[in-house]
Each structure stands twice: as C-alpha cells, then as structure tokens.
Engineer: 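This is the structure I want to talk about, given as structure tokens.
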Amino acid sequence: MDGVTETIDALAGLLAAGGVVVLSGAGLSTESGIPDYRGPSGVARRHTPMTYQTFTGDPVARRRYWARSHLGWHTIAGAAPNAGHRAVARLQRAGLVDAVITQNVDGLHTAAGSPSVVELHGRLAEVVCLGCGNLTSRWELHRRLREANPGFAAAAAAVNPDGDVDLPDEAVAGFTTVDCTFCGTGMLKPDVVFFGEAVPPARVARCFDLVDGARSLLVLGSSLTVLSGRRFVIRAARRGVPVAIVNQGATRGDGYAAVTVDAPLGVVLPALADRVAGEPVGSPV
C-alpha cells in the first residue's frame, strides 16, 4: 500500500487547491452491486448493448429490451450509494469539488447527497416519450408493465450496467410493451443515451465549460474507452488542467494523467476525503 499512499498524497495535493471537477464512470458503482462492462467485475455479456437505431426500428428488439429492463430495474432502483459516492459528496460539501460529471445512469451521486451533478448519459429513473417528449417516472412504467404482463415469471441471472438483464428469447416472446399515456401512441424509452445516440449538445457544452473552469479533473472508475468521457480528459490536458485518475486497471486516459491510482475506489476515496475534507468519518450526508 506504500505506493497507493504516495499517490493519495499526490491526489490530496491536487484537491487541496479546490476547483476540482469529477468525471465518474461505472467502476464507482460496482461496490453498490451494479457491475461495470470492462473492469474487474465486468459483465460477460451474451448480447451487445442496445443501440438507439435498433430500439426505435425493431419492435422485436424493443420488446426484448423492455422485458429485460423490467426485471433489471429492481436491482438498479434498490442500489444504495457506497463509500466512494459518499466520499465525493463530502468533498463537495467541503468546497473542494465544484461539480460531478457522471457517465453513470444510476442516480447514486445524487442519492449520496452530491449537490451539483451533470448526468451525461441521463437517468434510468425517468422515461421519455419519443413522440411528445413527456417525462414520467420509471416506477410508474414498472407498474404499468407489471399489470400488462401478469404471467411474466422470467428470472434475472445477471444485471448489466444499463439496467437490463440476460434472458433467452423464448422467455420474452410473449412480453407486452406499453405506449405513452400522455399522447396515447408515443414510443417510450428510458431517458438515457443509448449507443448510437448523441448526448444532447447543451449537456456536452455544460461539461466542457466545467472542465475549462476547473483547477483539476479527477476521473473515478472509468476506463475512458469511449470518447463520450475521454473527450473531457483530452480537453483538460490540452488546456493545461491537471488530470488525476483513480481506477482499477489501466485506462485510455493514463497518458494524459499527472497522477494515476490503480486501487479500489471504496478504499482510496474515503481515505482521500478523510485527508482533505475536514469532516469526521461517519458524518451524516
């Protein structure tokens, strides 16, 4: 742990100046029971993530998605913030972290008490109508799907980071989907950014503004494999904003980082918060 201690010292030096923007990924939520794709607990998927084009253009694929997601929602909704989420909230309350940009769709930063969170890819807790744009609660949709499928008895084997589960096709063949109750006919979709779908430009611009105004960028639990998150690391490096990365395993942003820590976030982040946040361990959120 000596090497980790030294890098925590380096992280503490960066955070002590304040003005930190956090960029978090799926690795931060693994200790809450939500697996990531590529880290040590990554899910060995038998199907590729749903794309926007497939979801909107293929009724069979859409039915399969909703059947799987209907089962997976219980795990996502029941997940609680872990020590890493709580440590980030402590750092915000201490005035050291200005904002969080998260690639996660689980809402756990907000649940932990973080006051300023930009959810880059949206939230699974909301559902949007692609026809009229109306937003509704995921729990309301869950109730409607349960009522529309009283005999649906499939069991989830493993939950994926986007909230769906692995199910054989025969288990979802008779699943019934529902449409928007506001306009009557609109197609419903989780209010998250699917693969092949663009993040809203205004949201991206907000994130770039946060990075541009930061004293440092702290990446937590992201392999930075996809450009959606890595572009903020590249932006920070080009503008001379120091980058620090805490992740289990190498990332595609390591070459841009002034500090890298390869260790569990649930260990590193509470230790870091204890060092610089000035709050007693165990303080209420």
Side-chain angles (χ1 to χ4, degrees), residues 26 29-30 32-39 41-80 103-108 119 121-199 225-226 228:
S29 292
T30 56
S32 294
I34 301 174
D36 61 4
Y37 286 117
R38 302 175 181 90
S41 65
V43 176
R45 300 176 64 107
R46 292 186 297 272
H47 67 284
T48 56
M50 177 62 68
T51 67
Y52 180 81
Q53 293 75 14
T54 300
F55 183 88
T56 56
D58 186 343
V60 174
R62 187 162 58 250
R63 179 180 65 198
R64 184 184 305 116
Y65 173 85
W66 276 122
R68 291 170 167 171
S69 186
H70 180 57
L71 289 179
W73 171 240
H74 279 290
T75 296
I76 300 295
Q103 300 171 88
N104 300 338
V105 295
D106 51 39
L108 292 179
E119 293 170 311
H121 297 147
R123 289 188 71 183
L124 279 172
E126 292 186 323
V127 179
V128 63
C129 173
L130 296 182
C132 68
N134 188 58
L135 284 173
T136 54
S137 163
R138 180 60 183 269
W139 278 116
E140 171 62 17
L141 176 64
H142 188 74
R143 179 191 64 79
R144 293 180 62 208
L145 288 174
R146 188 174 61 242
E147 292 175 352
N149 297 275
F152 186 62
V159 179
N160 297 313
D162 51 7
D164 70 348
V165 302
D166 292 324
L167 286 176
D169 288 346
E170 56 269 22
V172 303
F175 192 82
T176 299
T177 60
V178 296
D179 292 326
C180 177
T181 56
F182 189 78
C183 68
T185 59
M187 181 189 303
L188 296 178
K189 170 185 169 292
D191 193 24
V192 300
V193 177
F194 280 1
F195 284 81
E197 184 179 8
V199 178
T225 299
V226 296
S228 180

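Residue numbers start at 1 and run along the sequence shown.
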Engineer: Backbone N or O of G184 within a donor-acceptor pair of the D179 side chain at under 3.5 Å?
Structural biologist: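 Not confirmed, D179 side chain does not pair with G184 backbone.
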
Engineer: Just do the side-chain hydrogen bond (donor to acceptor under 3.5 Å, both in side chains) check on S32 and S29 with the steps written out, would you?
Structural biologist: CA-CA 5 Å; S32 294; S29 292; 5.4 Å; no

Engineer: Looking at A67 and V172, what are the two nearest heavy atoms and their distance?
Structural biologist: CB-CG1, 3.4 Å

Engineer: Report the distance from atom CG of L130 to atom OH of Y52, rounding to the nearest 0.5 Å.
Structural biologist: 5.0 Å

Engineer: Is any side-chain heavy atom of F194 closer than 4.5 Å to one of V192?
Structural biologist: yes

Engineer: Taking only residues two or more places apart in sequence, or in another chain, which ones meet S228 in a side chain to side chain donor-acceptor pair (under 3.5 Å)?
Structural biologist: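 Side chain to side chain donor-acceptor pair (under 3.5 Å) list for S228, sorted by chain: H121.
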
Engineer: What are the two closest non-hydrogen atoms of Y65 and P190, and how far apart are they?
Structural biologist: OH-CG, 3.2 Å

Engineer: Output yes when a side-chain donor or acceptor of N149 lies under 3.5 Å from a complementary backbone atom of L145, and no otherwise.
Structural biologist: yes

Engineer: Checking T54 against R64 for the side-chain hydrogen bond (donor to acceptor under 3.5 Å, both in side chains) test, could you report, in this order, the C-alpha distance in whole Å, the side-chain angles of both residues, the deciding distance, and whether it holds?
Structural biologist: CA-CA 11 Å; T54 300; R64 184 184 305 116; over 6 Å; no

Engineer: Output yes when a side-chain donor or acceptor of R62 lies under 3.5 Å from a complementary backbone atom of F55, and no otherwise.
Structural biologist: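 Side chain of R62 to backbone of F55: a pair is present.
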
Engineer: Roughly how far, to the nearest 0.5 Å, is CG of L108 from CD1 of I34?
Structural biologist: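 Between atom CD1 of I34 and atom CG of L108 there are 5.0 Å.
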
Engineer: Hey, what's the ring geometry for H70 with F175, parallel, tilted or perpendicular (30° and 60° as the breaks)?
Structural biologist: tilted

Engineer: Please tell me if the side chains of H142 and H74 come closer than 4.5 Å, counting only heavy atoms from C-beta onward.
Structural biologist: yes

Engineer: Using the side chain to side chain donor-acceptor pair (under 3.5 Å) rule, collect all pairs that involve residues 185-199, keeping only residues at least two apart or in two chains.
Structural biologist: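 Checked against side chain to side chain donor-acceptor pair (under 3.5 Å) - neighbours excluded - the pairs reaching residues 185-199 are K189-E197.
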
Engineer: Are the side chains of C129 and L188 in touch, meaning some heavy atoms are under 4.5 Å apart?
Structural biologist: yes

Engineer: How about S137 and R143: do any of their side-chain heavy atoms sit closer than 4.5 Å?
Structural biologist: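 Side-chain contact under 4.5 Å: no.
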
Engineer: Could you grab the distance from atom CG of L141 to atom CZ of R146, nearest 0.5 Å is fine?
Structural biologist: 11.0 Å

Engineer: Where do R144 and T181 land on the side chain to side chain contact (heavy atoms under 4.5 Å, CB included) test, with the steps shown first?
Structural biologist: CA-CA 10 Å; R144 293 180 62 208; T181 56; 3.2 Å; yes

Engineer: A side-chain contact here means heavy atoms from C-beta on lying under 4.5 Å apart; do T136 and F182 qualify?
Structural biologist: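 No, every pair of side-chain atoms sits at 4.5 Å or beyond.
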
